Each structure stands twice: as C-alpha cells, then as structure tokens.
Amino acid sequence: APGAGPDAKQTLDPAKPVAITVGTLPAGDYAPLYVAEAEGYFEEEGLDVTIEIIAGGAVGVTQLVSGDLQFSSATWTNVLSAVSQGLELQVVREGSDSNKEGINGLIAADGSGIESVEDLRGKTLSVNTLASATETQIRDCLATAGLDEGDYELVEVPFPEVGAAVTQGRIAAGFVPEPFITIGKSQGLSSILATSVCNETQRNSTIVTWNTSRAYAEENPAVVAAFVRAMDKATKLVIDDPQVLIDILPTFTTLTPDLAAAITSPSFVEDGTPNIDGAERAMKLMLKYGLLEEPLEDLSQYAWQGE
Amino acid sequence: MTEATTKTTWMGVVRRPRRDYRRVREFGIRWGALLALGLVWELAARIAESPFFPPVSAIIERFVEIWFSGSPSSLFLTERVGTDIVPSLVRMLGGWSIAVVFAIVLGVAIGRSRVLGDYVEPIIHFVRAIPPPALIPIFLILLGFGNEMRVALIAFAVIWPVLLNTIDGVRSVESLHLDTGRVFEFDRRKVFFGVVLPSAAPKIFAGLRVSLSVALIVMVISEMVGKPDGIGFVILGAQRNFRMLDMWAGILLLGILGYVLNAILALVESRVTRWHRGAREGLS
Amino acid sequence: MTITTTATDLLTIEGLGHVYEGRQRHEAIGRLDFTVPEGAFISIVGPSGCGKTTMLRCLSGLMKPTRGTVLLQGEPVLGVPRDLALVFQDYSRSLFPWRTVAGNIAFVLPRRGLTAAERKARIDESLDAVGLTGSADKYPWQLSGGMQQRVAIARALAYRPKILLMDEPFASVDAQTRAELEDLMLAVRERFSMTILFVTHDIDESVYLADRVLVLSKSPSTIVATIDVDLPRPRDQVSTRELDQFVQLRSGIARMIRDQSTRRPTATASTDAAA
Amino acid sequence: MTITTTATDLLTIEGLGHVYEGRQRHEAIGRLDFTVPEGAFISIVGPSGCGKTTMLRCLSGLMKPTRGTVLLQGEPVLGVPRDLALVFQDYSRSLFPWRTVAGNIAFVLPRRGLTAAERKARIDESLDAVGLTGSADKYPWQLSGGMQQRVAIARALAYRPKILLMDEPFASVDAQTRAELEDLMLAVRERFSMTILFVTHDIDESVYLADRVLVLSKSPSTIVATIDVDLPRPRDQVSTRELDQFVQLRSGIARMIRDQSTRRPTATASTDAAA
Amino acid sequence: MAVLTQTPKPARARRSRAGGGSAKRTSIIRGMIGLVVLFVVAELISRSGIVDEAFLPPTSLVLVRTGELLVDPGFIGAVLATLQAWAIGLSICIVVAVSLGVVLGSSRGAYSASRAVIEFLRPIPSVALIPLAILVFGNDAEMKIALIVFSTLWPVLFNTIYGMHDVDPIAKLTAQSFGRGRIATLFSVSLPSAAPFIFTGIRIAASVALIVAVSAELLAGASDGLGRWMLDAGATGNRPDLVYAATIIAGLLGLAINGVLVLIERRFLSWQPALRPTGKGSE
Ligand SMILES: Nc1ncnc2c1ncn2[C@@H]1O[C@H](COP(=O)(O)OP(=O)(O)OP(=O)(O)O)[C@@H](O)[C@H]1O
Ligand SMILES: Nc1ncnc2c1ncn2[C@@H]1O[C@H](COP(=O)(O)OP(=O)(O)OP(=O)(O)O)[C@@H](O)[C@H]1O
Ligand SMILES: [Mg+2]
Ligand SMILES: [Mg+2]
C-alpha cells in the first residue's frame, strides 16, 4: 500500500485509489458506510471501497484477522472477546450508541398480561444471539429492574420470528431492534422495556464499532485515517439531515420507503473516537455474565490512536 | 499357493490364524491412517501457529477437560455431559428413528406403486430441496422452541436419503423374486418383510448411513435457535467468543459421536445383510 | 389313468396371444387354443424362444396376455390363482439369497394351519425327494446350479399346489437324477392329484411323463400338434422307453420340432402325428 | 483326429482340490489329476453338485484352488490366461443387462487389432452360428432363456479363444438347436484348433463330441473313469449315434454315473470302462 | 374334486408402456395434481387461523410473490449466484467422490485404510465449519463451494462404494474370463452395474448441494445468493411473504434439478429393471 510506515503522510492520492473491502450488515446502524460510498466520500479520500455483507460481528472479526476484510463492523463485546483470545484488533471508530429511546427493546403481545418487567419473572424471553452484547445488555437491564439471572430463562430467537413467538405465547417477551418495534406496533405488540435507556450504563454504551486488525492499522495508517475521515463526514451528514437516512435505507435493506420513514433512527455518534470508558463498562458486564474469564489490561491499546 | 499351505489344509489344520492376521492388519491400517492424519495436523498446526487451527494435542486436552474430567464415581463424565451431549443425542436419535420408520414405509409404498409415485414424487423432490435453515421459522411458529421443533427439523432433513434409497432399492428388487411371491400367494406383509425389505436392505442401509450424518448436521443447525443447550450451542457459542479450542473440541466430539453411531449401524447392517456379502463375495 | 375328453376341463385357453411391446415390438405367441383336463400331465415342447415361458406366465396370471383369455374352471384368471405353483426357468434368480434352503421352502408354506413339526416334516420330505437332505442349512449361493434347481422344485412341491407349472425344471441336473426326478413327478402327481404343465426340451422326457404333448411352432407360436400319449401307467424308466409306441411318438415329435427349428416357413396345419 | 499320449499337454492338473470355507465348510473337489492335450475335446460328466463348475473356475484361474496346481504349458495358472474363454452355467447372470446382444459380444472383442467392419463381421457371424441373427439389437432380458444361453455361447465363440471351457452350455435349448450347436462346436474346434473342456449332463452329447470323457464321482469329487472315445471323425448326428461303439460307450458311462448318483459309497478305483 | 379358489385380486390394469408419450403425460399430470394438493393444504393451514397471517402469510399470497420474484432481476441474480456455486460444487463432488468411491469400492486395503478417517470426518457438520471455511476461503463463492463439496461428497461416495460391492460376481468373473484385467473390469462391468446406484447418490447430493449453498448463505451471510436474499428480506424488512416465496423457489429449483437428472437417467440407464419398458412382471 502506498504511504506505508508510521511517518508517512496521512492522506492518500485520489488519483491512485487504494482498494479496501469493508464488511458490514444491512441495517440502519451501518448506514453511514453506505452514505459515504454513495456520496463519494471514499473516492475523495482515495479509497476504492467494496462493501461485503458479513455473517455477524464475530465472523467479521475473524475475516479481519485472516486479511479477507480491511474493516468491519462489530461491537466492543466482539472485540474484547477476540482480543482476550489473542486476536489482535483495533477499534477505529464508534458508529452508534444506545443513547436514545425506541431503537430497541423487549416487546410483548398486548393483552397477554405481560405489561412490565416484573411480569417476566419465571418466564422465557429471547435475544437474537446469546453470548453477545445483546445478552449482557438484557441481563443488565433486567438486573436493574430487580430480576436475577435465575428469575427468567433466555432463549435464542432470530428477530423476524420474535413477533410470531410472542403472539403465540411461546415466549413472554423478546428483544428486537428497529424496524421490528415499529412493525410490531401494527401487529399488536408493544415495547415493555426500552433496553437502550434502561440504566446509566446502557444509556452510555456503544452499539456499533468499526474495526480493523492491528497489523493493518500499523502498516496502513493513512488508509485508516482516510477511512475514518470519510466515515465521520458521512455520520455528520446523517445526523444533520435525517432525510439522507430515510432515502438510503431502502437501497441496501428491503425496508419500504414508508417504513424507513416511520422507524426510530439509530443514535449515531457524532465524535466516533473510541470510548475507553464504554469499553470498560462492556468488559465489566462481560465478566459478570461469564463472557470473559479475566479482566483485560489497558483497554486503550485496542483503540486506534489516530492522527 | 505354496506346498506349505497345501499341507496344512490337507492335514485338516483350520485356517483361522490367517484370517485373524488379516483382521489385525486391517485394524492396524484403519487406525494407522487416522493416526497419521492426526500427526500431520499436529505438525502443521505447530509450524503454522494459527490461532484458528490449534494442534490436536491441545484439542484433545481441552476435549477431555470439558467432558471427561469428572470424578471416578460419575465414570469420569463431567456435569456438562448432561447439558451438552445428552439432550443433543436424545433429540438426534429421536428425530432419526421417526424419519427412518416413516421413510422406509413410504419408500416401499412408492417403490411398489407407480401410481403413488407419480402423485407424490414431485412433492418429495420439491420439499427435500428446501434448506432446513429456511424452514426454521415455520417450525418455530408451528412447534415452538422446544425439543419438538428440533426433533421435527432433524426428522425432516434425515428422511430424504433414506426415502430415495428405499425407493431405489425397492424398484430394483429382482422381479423374479416378486413373481415367486405372487405364485406362492404371499400376502402384502410377507412380500414387504420377506421379499422387498431384505432385498432392498443393502441400499436402505446406504441411505441410513448417509442419514445418520445428516442427522448430526441438522442437530447442530437446530441448536442454533431456541434453548441454549446441546453440542451445537457449544460449538456456536465457542465460535462467537473465539474460543477456538472449545470449538475444535466440539467438532472432535461430533466426529467421535458420528463414528460410534456409525459403527453401531455398521454392526447391525453386517448382521442383517450377511447373506448379501456372502452372495457377492462367496465366489471370488 | 388316461385322459378322456369327458374329463372336466380345469384350464381353458382361448385365442391366447402375446405381444411384447417396447421399442422392439415382438409377437411372442400367435394364437393358442387348448384345454387342460383336471389331473392331466401335459408336456409342452417347442423350439427355443417360441414363447413357452411367456405362455406359462400368462397361464399363471403373472402376466396379462395381450389377446385371448385363460379360464380356470370357467372363471377368467386375473391374479395368480391360489393353489398354483410355478418353477421358473431362471431358478437361480427365483431363490431368495437371504434365506437358507430350508428357509426358502418354509417361506412358501402357509403361515396358518401347519404345526411346527408338520412344517419341518414337509421341508425335510421335499428336500429328501430331490436328494438334498444335507443342504437344508446352506444358502442358495452355496449350491451348484443343479442343486439350486432342485431347491426350486422342492419348494414348489412342498407348497402342494393343485396346478403345477414347470419351466424346464430338470435342465441342469444329471441324467440319473433327472430320471429320479421324473419318477418323483409322476408319484406326486398321483399322490396329490395335481394337474401339471411341463415345459421341456427333452422329447423323451415329454413323452415319458405326459398324457398329452403340445408341440409349439416357432415364434409367434401356434400349436403344431396335440399328441395324446396312451402309454400304459405306471411308467417305468426302462420298460416304457422300450415300447414301440414310445419310440414312434418321440421320433414323430422330434421330426415336428426339427421342421420348426430349421428356418423354413411354419407348418400350417395342426396334425395329430400319433395316436 | 484322435488324441495320442504323445501330443503336447496344454493343461496339467495335479492334485487339484477345493474346499469352500465358511461356517459350513464344504469339500467340493477331493483330488483331481489329469492332463489336457493340445487340441483335445474333453467332456466332463458327473452327478449334480460334484464340483464341475468349481473345477472349471479353478482351471480358468478365476478361483484359487485350496490344493494342487494347474499348469498351462508348464506354467502355473495365476490369473485368467489370455486366449481362454468360459461359458458360465449361470448364463443369464453372465450377460450384461446394460448392453445389447451385439454389445455383449462386442465387449469381449479385443480393443485393438480389429477394424469396425471386422468387429461387425465377427458379431454377425457368431450370432448367425447360434441362430440369433435377428436379435442383435435386443437386450438380454428381452430374450428367452435358451436365446440368452446362445448369446453367451456366441460371445465365447466371437472371442476365438485357444481354450474354451463350457459349463452345460446347451441346457436350455431345444433338441434340434442342440444338435446344430453340437455340430457347430465340432466345426469351430477344427477351424480355430481350439482345446475344449465341455461339462454336460447329456451322456450322448458327451460321447458324441469328445475325444475323451472324464467321469467324476460325487462330491468331494475324484475321477472315476477316463474314457477315450475312438469314434471316427467327422461325426454325424445320425450315423455316429448308431454305431455300436457309441451305444456301448454311452451305456457304460450312464452306468458309472448311476453308481455315483445313488447314495452308495463312492467307487474307489478309476476304471477305463471302454476303449 | 378339490375346488380351486382364485385369489380375489382385482384386475390390476397393467399400464401399457407402449405409448410412452401418453404414459409420461399421465405421470406429469399426476405430479401436478400432487403439488396442487400440497399447496391447497398449505393454504388451508395458513388460513385456519392457527397462526396469525402476519407471521405465516397465506400460501396464495406467497405464490403471487413467487411469481413476482421470478421476474425480479435482483432476485434472479441472487438465484444465479447460488446456482453457480451449486453447479461448480456438485461437479467437483461427483468427480472426486466417484473416483474415490471406485477406488475404495474395489480395493479392500484402501477401504479399510480410509474407513476410520471417513467415518470420522463425515459427521462433522458443514455448518460447524463455516467460520473456518470463511477464514480459509473468504466469504464468497469459494467458501460455499468448499462447504458443498465437503457435505455432498458422502452420499455419492457411499452410494458408489455400496454400488461397487453390489455387482453380480458372475458378471465380474465373466469379464475376467475374457481376459479383462482388474481396471478394465472396473470400468466396463462394475461401473455400469453400479451406475444406477451412483446416480441415486448424485440425486441426493444435488439437493444437498442446493441446501448447503442456501444454508451457507443464510447462516454465514455470504455476500450473494438466494440465502443472503432471504436473510435480508427477513431480518431487515420483516417480509415473511418474500422469505417463503424464496423458499418455494428453492423447492422449485430442487424439483427442476431432479427433473433433469431423471431425464438423464432415463436416457442412459434405461436397462435397469425399474426402468425397463416391458419389465418382466414388474408392476
Ligand atoms: N421382456 C421381453 N421383452 C421383449 N421380448 C421378449 C421378452 N421376453 C421374451 N421375449 C421374446 O419373446 C419370445 C418368447 O420368449 P419365451 O421366453 O417365452 O421363450 P421360450 O419358449 O420360453 O424359450 P426358451 O425355450 O429358450 O426358454 C422370444 O423370442 C423373446 O425374444
Ligand atoms: N460359494 C460356495 N460356498 C460353499 N459351497 C459351495 C459354493 N459353491 C459351490 N459349493 C458347493 O460345492 C459343491 C460343488 O459345486 P459345483 O457348483 O462345482 O457343482 P457342479 O458339479 O457344477 O454341479 P451342477 O452340475 O449341479 O452344476 C456343491 O456341493 C456346492 O454345494
Ligand atoms: Mg423359456
Ligand atoms: Mg455347475
């Protein structure tokens, strides 16, 4: 790659674009990536970006290490899990956080008698993936509401199936993000717990991070810097003009334009500098719920220090 | 053919020792090959040092630690055997047996009746091409997250190889055998159990073998949703947390389970189709 | 016991014809009309490939002929009639390889109405009759060709059918055994009052056994001759075969078959060569 | 052409014995010692199940005998010798159902050294010889038993082997065809100077065809008699069979076989019954 | 005298295979009837109210969506991506599995040497290998193809081995007696005789390959293909109707693939007892 080495200039030549592959998922939280591509921000920075859909944060991390991807989206939880197992990663940017009501939550069927968190005692509820950030989030929220780990049972249900499962009474409530909350409203389902803002920890926690491997970051600081700048610019655009999001959503998801306009938009982070405090909080929850066995030292080493 | 062998047999010495020798050699070759594979892996892993491909020795160590480091009183099994292995096995065998019975009965019916075959074969080929993961939502909706869903999913996926092989086996039953049955007034049951099943047995067993490994595969898929228990969840959870050793231990467990189940099946098979081997090998 | 036309007709075959369809259409049987009196022993001879096996398949109800009808006691044969047994020409394929010799025989015995001892007796008796006493526990593929053929015969005999169709049943056994089996057939026919249709290529045998010999033309087959055999019974391997009448009959039939086999046009008229 | 002891020995069989192992051990062949001179036509007769098929398998190198050696021109037979063909007793199973009659024959022809026209000529010629001219494009399962057997014979003939082993090759064909095939065998033997070993249950046939008849005892088999047949050649279906010598030979052999078949202890001494 | 009773078997009309065309037509019509019945039953279940229509849309609606999808270029592109991986994977599988099966089916030594390894590898589910496959092959076609080959190998391999063991020994002896060596016997007798059975294996493998392709896309979120498309339709749009429509198309693909294979089998393996035009006594 051109401009390699720590002392090299932090900009690339747009005339000789560097090809990179970025892994992500087709959902609202990742819209800035698509915006940056659509608006030509990557091109301006001298990047030729290919977007590749990944199976999930964890697999994306694997692909970073194998060199298949240069950047990919995940969560702090994914990253900390990976580094605890010796995979060298760096978080370059945070994409969205949880500081907004209505972006995700526990939904239950109207008239099923489940109206508050207290009604969940002894019941079964669902998350989409266990051993992930969502599991720690739900457990943390329920603990705040006074439910201990033994008071409920967690099962895995993919988001699209939660509505049917709740309606049929197979589970008392299920965790879903947007657009399923909005869609659920029209199907007689309502949110009984806004998990994004259920306590101070959650209110301040990061949802999406953009990551690369340590090796790549060290060898290509200019590429990372260019990527970060383009993403920041796109994030700012999305925050400033909500219509940009509404317009771009139907292009990379199967959301209809009407639905795209109706849903609660994600809480994008204006300053995406990796937040070490957020990482600390994520680590504490991971330790508490058994996703990590030992605490990790000096989390800042996993954050890209940048320009 | 040497003079020596001539003499030993001539004097009535039984030729047992030679056959035992062959068995021992076969045994040696079989396990030697597996051992060699393991050694190659070990070496390659030690040289490559990839976090994703740990050496076999480490995998085995972890494997023993997770499931077989219990107290002597519990036969060295750990508690996790109860949450990881037992539920998986019960579901798998349940789904498999249901599917097998159903597939054989249906397969014989279709193999024997052109008309029935005409009606249902398109349905079969349509349905069997549907990927089980794509059916998880429907099964979830109709059967919930419990064992029913998982057993049904396993049964659904397992049925096809057995069904197809049964149909094929039944259609290629020696027609003179069927005629013989008709001449001697065999009733349906006798034709089914006495003529069709035995003669289709070798092919049905080929289907059973394939289906057994399909059952293990779908068992894993089915454990990716719903209650977090079973081998599938162990592997999946390990993957999510980058615990490569745990994941490999799980894969090793699947391999061993598959091997053992298959060995049992092979034993049954060699009992049931002894005539077949005799008839096929007796001449050469 | 000689057959007179007044005896009841067990089987009536009218205008029987069969065409094998397929890419290569083949008319196997042209037209056959004949009757089988109850208790008769009828031999059928004819050149190779003339349709004898096809005819037995049609008579037994295993195959539906393309033309004509087969009546059993006046009723059309639709399925395989109860009390009918068939010894297939392709004996090695008609034995079940997954059953022992005894198992193959036991298999065709009715499930009810026989005690275990009776079953065993029947098996032993029939195996003994064909000279295979020691082979009860062997598998068919452990036997020689002739032994397999005898197992197929034993199986049919143990079944004690009323009508027995046999398709070249002695083709693979040695001369001595063959003679013994011929006499066995005559004995069981008397003992169980069977009606027997017997396809053979051995002209001596056809005359020696039968009350009547049907000579078929080559394919598409018709009946060239129906020859009543009036040789005295009981028959004897030596003395019967020495009778002038026997020698005449066999040479007459041999001539008819020779005429059929050589590639000359099929003889038209059905003649009674002897009797 | 008569065989004298000075002729070269093509095959030498010394102390041949075979035991089928398995749960039911069976000693099929006791001990056989004989030689086959080059160009000889040897008939083998013996009771059903005595080990004739087993013997042919051992001679052809398809099966390894448990005892003894088979020498071909002084060399031990290990695999199947080139230029050897075998007509199996189980003809219907030895034909390949996925090939037509012509395809079955073409299969055995050498891949090189024959032009397409020559191949075709060989196929047509051999089918014609067995009287199956019109059936070249049929599949074996579309043929009658006798026709299948003739295909197997045609296949062996088209191969033009130097040594031809035949296991009851005419069991399923009619008398007339049989006579024609017998003469065919004599003719091809002369024309291609083949050495032929011929298993049959028809004693007349064994004498009519052969230079020498081997009579086997019942299983475990030994040679009961080796009978040189000094009948004049060329042989003729009518006149040869009328010769006194022929009648003597056949009744002598028939007696020996009868002695073997009936359940008496095996005759011990090997006697030359005739000649 | 004894009265002979006839089996009270109804006259079973032996279907004339003479007019091959009309017989084929009847069986196609019957097949259509079968499928129609299947859809009617599904429609009844979805309309019965056991499950809310929002989650299990009526079959008729799904069929309409299926029709729409068939002309949607984006969707067709996804299907083609899946089919490409399918075709490549299956071809590799057939070549590898049949040759391996022939070797293992004809050599005792090779068979026993490979048995433990095969029996050990075979039950390892391809889904458990997805992360590793992604690691080694990346997240696109190669990964799918590798998984397809790994999982379709077994049915073809096993059916080949079984088929090889099922060859009539007399047929093999015949070839040997005419001077054919081991190899020639293998190709001219064992292989044709085992062909129908190998073919059954290929038919099983063909649908397993499709299943694995779609599953890999669905579970690994491969970058392109039918499964990816279903994933998106479900996860981001909550469109169960589209998901089920795509599922139906997966089934239809399987049906079409099977149809082609059956035609091939009829053309090349028509000598089998089951396919003979005038099967003796086969009914
Ligand atoms: N399945 C079939 N398809 C087509 N043609 C057939 C079929 N079976 C028999 N044939 C033909 O029908 C004719 C009669 O056959 P069949 O088996 O009845 O003869 P056969 O009299 O029993 O002869 P053989 O004495 O040789 O056994 C033969 O010419 C044969 O080619
Ligand atoms: N595969 C086998 N396993 C065990 N025993 C066998 C096997 N094949 C043949 N035998 C036995 O060996 C003996 C000789 O068989 P073989 O087939 O050689 O007889 P044969 O002389 O050809 O008789 P036939 O005239 O009836 O064909 C028989 O008693 C038979 O039971
Ligand atoms: Mg016949
Ligand atoms: Mg024999």
Side-chain angles (χ1 to χ4, degrees), chain B residues 15 19 104 108 111-115 165-166 168-206 208 266-284, chain C residues 53 56-64 77-101 103-112 137-145 148 151-152 155-167:
Chain B
R15 297 170 81 200
R19 217 182 293 155
I104 291 180
V108 171
R112 299 271 290 140
S113 156
R114 270 268 155 220
V115 179
N165 272 4
T166 307
D168 196 54
V170 169
R171 288 208 174 135
S172 55
V173 172
E174 173 64 57
S175 59
L176 219 48
H177 287 158
L178 293 174
D179 284 350
T180 305
R182 289 171 70 193
V183 163
F184 292 108
E185 298 294 334
F186 291 4
D187 55 29
R188 273 172 189 281
R189 238 186 69 192
K190 200 161 172 183
V191 170
F192 179 81
F193 287 107
V195 181
V196 175
L197 269 195
S199 104
K203 295 193 175 176
I204 294 178
F205 269 102
L208 289 183
L267 203 72
V268 174
E269 175 181 0
S270 77
R271 277 283 159 94
V272 174
T273 61
R274 203 199 314 263
W275 63 269
H276 184 258
R277 240 177 332 140
R280 290 306 181 221
E281 289 172 5
L283 290 171
S284 35
Chain C
T53 300
L56 288 193
R57 281 178 173 274
C58 293
L59 294 194
S60 63
L62 281 175
M63 205 160 76
K64 200 166 161 275
V77 169
L78 300 172
V80 181
R82 206 177 294 267
D83 291 333
L84 179 147
L86 175 57
V87 178
F88 290 92
Q89 181 174 18
D90 214 349
Y91 51 88
S92 78
R93 285 190 181 173
S94 88
L95 298 176
F96 301 113
W98 53 88
R99 288 182 164 260
T100 60
V101 167
N104 262 283
I105 298 175
F107 201 39
V108 305
L109 296 181
R111 216 169 300 157
R112 263 165 300 222
D137 292 333
K138 294 200 172 173
Y139 284 92
W141 39 269
Q142 292 178 318
L143 301 182
S144 77
Q148 289 176 20
V151 174
R155 184 168 68 177
L157 292 181
Y159 187 62
R160 303 236 171 114
K162 288 283 156 224
I163 307 176
L164 178 56
L165 312 183
M166 304 181 90
D167 201 351

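Not measured: the values here are computed from a predicted model. In the text below, chain A, chain B and the rest are named by the order of the sequence lines, each starting its count at 1.
For chain B, no part of C:L165 is nearby; none of its heavy atoms comes within less than 4.5 Å. Residue C:S60 does not touch chain B at all, counting heavy-atom pairs closer than 4.5 Å. The parts of C:F96 that come within reach of chain B are both its backbone and its side chain, each placing non-hydrogen atoms under 4.5 angstrom from that chain.
Closest approach of C:F107 to B:G194, counting heavy atoms only: CZ-CA, 3.2 Å.
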